[in-house]
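Numbers restart at 1 for each chain; the letters A, B, ... are given by sequence-line order, proteins then strands.
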Amino acid sequence: MIDTKFNPTEVEEKWYNHWEKKGYFKSEIDDREAYTIVIPPPNVTGVLHMGHMLNNTIQDVLIRKARMEGKNACWVPGTDHASIATEAKVVQMLREKGIKKSDLTRDEFLKYAWEWKEKYGGIILQQLRKLGASCDWDRTAFTMDETRSKAVIKSFVDLYHKGKLYRGNRMVNWDPVAQTVLSNEEVLYKEENSKLFHVRYKVSGEDSYITIATTRPETILGDTAIAVHPEDERYSSMKGKSVEVPLVGRVIPIIFDDYVDKSFGTGALKVTPAHDVNDYEIGMRHNLEIVDVFNADGTMSEAAQFFIGKDRFDVRKLIEKELENLGSLVKVEPYRNSVGRSERTNSVVEPRLSLQWYVSMEKLAKPALENVMNDNIQFFPKNQKNLYRHWLENVRDWCISRQLWWGHQIPAWYYNDEVFVAENKEEAFQLAFAKYPDVGLTMEHLTQDQDALDTWFSSWLWPISLFDGFNDSDEFKYYYPTAVLVTGWDIIYLWVARMIMAGYEWAQEKPFDKVYFTGMVRDSQGRKMSKQLGNSPDALGLIETYGADGVRYGMMSCSPAGGDLLFDEKLCENGRNFSNKIWNAMRLVTGWEADNNMVEYESDKLASQWINEKFNMAMKEVVKNFEEFRLSEAITNLYSFIWNDFCSWYLEMIKPNENKIHPNTLNTCVEVFENCLRALHPFMPFVTEEIWHQLRERKPNEDCMMQAYPHPKEVNESLVKSVENVKEIISKIREVRSKYNLKMREELDLYAVQSAVTSQLLDNAPLVELLKKMAYLKTYGTVGDTHSDGVVFILGKDKYFVMFEQEIDVEAEIESKQKELDYQKGFVKSVESKLGNEKFVNNAPPAVVENERKKLADGQERIRILEDEIDRLKKK
RNA sequence: GGGAGAUUAGCUCAGUUGGUUUAGAGCACCUGCCUUACAAGCAGGGGGUCACUGGUUCGAGUCCAGUAUUUCCCA
């Protein structure tokens, strides 16, 4: 006896191993069309979370469908080295062993880091297998493996020689604890309680003062101007004057700049070009001196003159007292402002001038913007184009150096202050030697840049470097550009835009045809899932509870493209229940026995035709939804078809009284069942594969995964319509049964008042047979309008009588018919008012007007029937 | 501060160039069923002034403007 419950854990590992052993995931160049997806590489340190599950399920659905469509499907997996995250983990691991990073050489540190990566890295790739991901694992790549590293170095050198990469002294986000640059994305801003200090500066040569407001009094030591708005009347007399900085006594100018907000504080702004991005820009505009008062670790530098070596936050308290003593402090008030902290160390990020490597974005941005705006690369959903355009039109140069060891060390060598960029030290030496042939230069004179490259500088090459595109390989020619990129919109700038730039820079071609942006997974309260909140369910735990198919169903059914999705475990439960439903349908069908001696019922033939038409209708929707990446709709189409049409209606239609069934009927049934499995396979690969094999004996290579994906055919609409009509009659009869507590199988008589529709039904023997079987009718016949017995229902404009022994509840019937009458009267009234409007009749398309007339006639007929019926009931 | 989106049933969402018998689905809820595939199930049911106000139109959930609420992005 087969279990009544589908057990996912038993079959998932079996089928995954089977597929992998058969080599179904592998792709090699051949003469078929390539369908390529590159995985958005997760951090090598990462573990599977909800975002990954969503993202990778979508990729797997797309790649499996393409494979079934006969394309050469290639899904390349891999991880990135996540320089900051990984380095932080390695440093922590070393600390636990009692080793300080500063005690190690770069090489020693990297040895530990690689060991750590080999041991703990790539867990996530193992976890993806549990989800059913059909990646070509032989192609697994890592951003620091040999091929990828060479690509990174080559691209750096190439950009440098093209003048698209430079070293510059700019304002950056500085993490004083990690002592590295951070990207904007690694800085988290939050409102915090702080204080607003009002400080007065003496105007030189006068007995007056200007008062400024600041949250960071410790930077006063680095002030090089006071700025006011040019149209601020309060300060119009200050033109050309200067003030003295408290404590240090530096004399600084009063300048006029539009940037200043007149309404903030006193309308006067202290300008510290070395420690604020906006101040820096003002400084550039007005040629101000730059005084850097901090060291790299956030302590005061020599340039500060006071508090040297003390921490910036201690100094904030100390300077408050000093200013008070000097009489410069006007007042201190509580204040809330947005403070940026490092994602990794939580230290307050310091805007800092520092010498870093930048990619010049202007030229790179141009083709990247163009080819998205003209839909050469299509975005789903489309509205992401706005976001993309906005960023690219305001793009800033990209800071790619990081003060870390884990990553690609920058291929730049210095001789004194001169820099030589080359793929290796030997080539750098050649360059240096060519320039300085006479100084006795040796390799020892060159020192390599100590910094590493931003991880995104590897990731932006991913679609190229995975196929060794920098060596113009055959693989690259075949697999590139890839079909679709599936990723979250949160990295549209960090990653998507830059991949497109890289594509046009080095391949002169887009990296992908389409980008499908997924939403962010949120919990049922709409909060972003995060470790801190602890609101993220354990991904593998979910798979254990609901099965991979159940989880995939849950992820897919709540994932309209682009929008955020509120994840609810309930959806996985639906998925599990769906698996179980199909499982039980299989149990039913495999329990039937083909018997040539059985009659092939007309109703069975009809049901077979009908279910095929319905399947085509469903597939039309599925195909359309796939084209538009509306995957949640596509899976809903299949769910609804399989559960409602196939299981609830069709299987009941052909269900034999005993287990014996005509071979033709059984055969059609199994074929439709197989089509359902093929259509559903990309979404729910395990349960479909298992049932595929249970349904029939299969040859060695006959697996569901490798079947052709179903194509919709033309639909015979009139056949569908007539069966749908019978289904409605059946539902109405069930309604009566429910109301009168009649047993489902108690046989009833049904009479219809003669009409075109009801007579046509009567003449169609297979339809009547179907109706009688499904509704458990003894007889179906037509009668005259004057018939007056049983319970009445109306369908379209036809009147039916359901006959049964039990006495009918006259009061309840009158009430329900009256309710229906009220509804119909309202309906007719609204149609009448439309048709009474001359402008409507004259202007609306004739078909629309005609339809309104039909609605009116039908409504009026229903009113007539209902009024008659109420009369008849009242006479009882 | 600038920009983009959202608002449809208790919840999550569909609703495609404005016209499909005065709005659909899933979940939740209510009623009745252990009907020999499935209680992770079957049959039936209730539930919505489509955020608000105005406009365009013969006709608006759908287009336009404003308001409210809200989410996100950028600074």
Is Tyr639(A) close enough to G26(B) that one of its side-chain N or O atoms is under 4.0 Å from OP1 or OP2 there? no

Could you check, using the six-membered ring where one of them is a Trp, whether Phe804(A) and Tyr740(A) have ring centers closer than 6.0 angstrom? yes

Can you tell me if Arg737(A) touches the phosphate of U31(B), counting only side-chain N or O atoms and a distance under 4.0 Å to OP1 or OP2? no

Can we call the ring centroids of Phe683(A) and Phe626(A) under 6.0 Å apart? yes

Taken to the nearest whole Å, CG/Asn574(A) to P/C13(B) is 15 Å

What parts of residues 829-838 of chain A reach RNA chain B, counting only heavy atoms under 4.0 Å away? Ser830(A), Asn837(A)

Using a 3.5 Å limit on both distances, find every run of at least three consecutive Watson-Crick or G-U pairs that involves RNA chain B. B:1-7 with B:68-74, B:10-13 with B:24-27, B:29-33 with B:41-45, B:51-55 with B:63-67

Asn851(A) near the nucleic acid: base, sugar-phosphate alone, or nothing, with a heavy-atom cut-off under 4.0 Å? sugar-phosphate

Please report the distance, rounded to the nearest Å, between OH in Tyr493(A) and P in C73(B). 9 Å

In whole angstroms, the gap separating P of U21(B) from CD of Glu850(A) amounts to 13 Å

Do the ring planes of Tyr639(A) and Trp643(A) sit parallel (below 30°), tilted (30 to 60°) or perpendicular (above 60°)? tilted

Ignoring hydrogens and angles, are the base of U12(B) and the side chain of Asp568(A) linked by a donor-acceptor pair under 3.5 Å? no

Atom CZ of Arg389(A) and atom C1' of C74(B): how far apart are they, to the nearest Å? 15 Å

Rounded to whole Å, CD1 of Ile491(A) lies from C1' of C74(B) at a distance of 18 Å

To the nearest angstrom, the NZ-P distance between Lys385(A) and A4(B) comes to 16 Å

Taking the ring of Phe517(A) and the ring of Phe380(A), is the distance between their centroids below 6.0 Å? no

Could you list all N or O pairs between the protein and nucleotides 39-45 of chain B that sit under 3.5 Å apart?
residue : atom : partner   : partner atom : Å
A40(B)  : O4'  : Asn577(A) : OD1          : 3.1
A40(B)  : O2'  : Asn580(A) : ND2          : 3.2
A40(B)  : N3   : Arg576(A) : NE           : 3.3
A40(B)  : N3   : Asn577(A) : OD1          : 3.4
G41(B)  : OP1  : Asn577(A) : ND2          : 3.2
G41(B)  : O3'  : Lys581(A) : NZ           : 3.3
C42(B)  : OP1  : Lys581(A) : NZ           : 2.7
C42(B)  : OP1  : Trp643(A) : NE1          : 2.8
G45(B)  : OP1  : Glu735(A) : OE1          : 3.2

Quiz item: cation-pi between Arg696(A) and Trp592(A), 6.0 Å / 45°: no

Does one side chain, of Thr518(A) or Asn55(A), offer a donor that lies under 3.5 Å from an acceptor on the other? no

Rounding to a whole Å, what distance do you find between Phe827(A):CZ and G19(B):C1'? 13 Å

Would you kindly give the CD-to-P distance between Glu724(A) and U21(B), to the nearest whole Å? 15 Å

How do Asn278(A) and Glu633(A) order along RNA chain B: which one's closest nucleotide is nearer the 5' end? Glu633(A)

Between A28(B) and Lys570(A), is there an OP1 or OP2 to side-chain N/O distance shorter than 4.0 Å? yes

